[in-house]
Amino acid sequence: MLKIAIFGAGGQAGTAAVIEASARGHHVTALRRADADITNPQAVARAAFGQDVAIGAVAPADGDPAGFYRAAASSLAAGLVEAGVDRLVWVSIASLLPNAAGVAPVDAEGFPAEYRPFSLGHRAALEVFTGSDLIWTAVSPAGDFDPHRSPQGGYTMTAVGDLSARITYADHARAIVDLAEQPGVRGGHVGVLPPSPGAPAEPGEGGAARADRQ
């Protein structure tokens with residue numbers, strides 16, 4: 001059993017991760033915006049003290065997304081290490097995953113301007129984590145969430161984005177918690193797809209294998 005701090009537990013992705021981790025018997029500290037200011041390293045350190053791993057599934061309430069995500073990542077990088085927690089699973093965004101041509105949608109011509117600040121904010125966060133002492137992995141839908149479909153009880157991991165793909169919050173949470181349970185996975189951004197048609201509804205085994213191990 002792990003002790004898992006989940007920042008952003010009030011959002012849909014964070015709530016699903018709380019439910020999944022709790023169902024597996026882990027001790028979950030569910031942290032909403034009112035519980036810990038994720039842009040404050042001291043608040044992060046206090047909230048994460050005694051935990052084994054942290055999950056970050058946060059979003060800005062308002063203001064500049066780039067500023068929020070850079071501040072949140074910097075705060076996590078400092079606060080988690082201060083608390084003695086070196087492992088982080090970060091919920092990122094599909095627009096940073098390369099497509100089949102090797103181009104991230106945010107870098108492609110015609111990407112909607114209104115979505116760029118949010119996507120670039122997530123990229124800034126990954127840059128902060130890359131330069132930190134954290135053992136981190138970023139995970140996101142390969143495309144987007146589907147809040148209406150029933151969970152399929154499994155998933156497939158991919159390094160290639162597909163903006164037409166959809167995954168439920170519950171199935172995405174299985175991937176988040178699977179990554180949180182795996183020690184030593186460092187760096188990289190993986191996408192989550194529904195299980196392949198006809199395949200057993202089991203968690204995909206490729207995620208950890210495709211990430212670099214420390």
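Note that the structure is a prediction, hence the values are computed from the model and not measured. Residue indices begin at 1 and follow the sequence shown.
Note: His172 and Phe145 have perpendicular aromatic rings, judged against thresholds of 30 and 60 degrees for the angle between ring planes.
Side-chain N or O atoms of Thr168 include none that pairs as donor or acceptor with a backbone N or O of Ser150 at under 3.5 Å. No donor-acceptor pair closer than 3.5 Å links the side chain of Asp146 to the backbone N or O of Ile167. Looking at Arg87, its side chain does come within 3.5 Å of a backbone N or O of Ala180 through a donor-acceptor pair. Under a 3.5 Å cut-off, the side chain of Ser75 and the backbone N or O of Asn40 do form a donor-acceptor pair. A distance-only check finds a donor-acceptor pair linking the side chain of Arg116 to the backbone of Val106 [under 3.5 Å]. Between the side chain of His26 and the main chain of Lys3, no donor-acceptor pair closer than 3.5 Å is present. Side chain of Arg174 to backbone of Gly153: a donor-acceptor contact under 3.5 angstrom is found.
Side-chain atoms of Ser92 and Ser140 include no donor-acceptor pair closer than 3.5 Å.
The residues Arg24 and Asp178 are annotated as salt-bridged, a charged nitrogen and a carboxylate oxygen being separated by less than 4.0 angstrom.
The two residues Val81 and Leu134 come nearest to each other via the heavy atoms CG2-CD2, 4.0 Å.
Here the OG1-CD1 distance, from Thr15 to Ile6, works out to 9.0 Å after rounding to the nearest 0.5 Å. A distance of 6.5 Å separates CG in Asp162 from CG in Leu193, rounded to the nearest 0.5 Å.
Among residue pairs with one or both ends in residues 122-131, those qualifying as side-chain hydrogen bond (donor to acceptor under 3.5 Å, both in side chains) are Tyr69-His122, Asp107-Arg123; sequence neighbours excluded.
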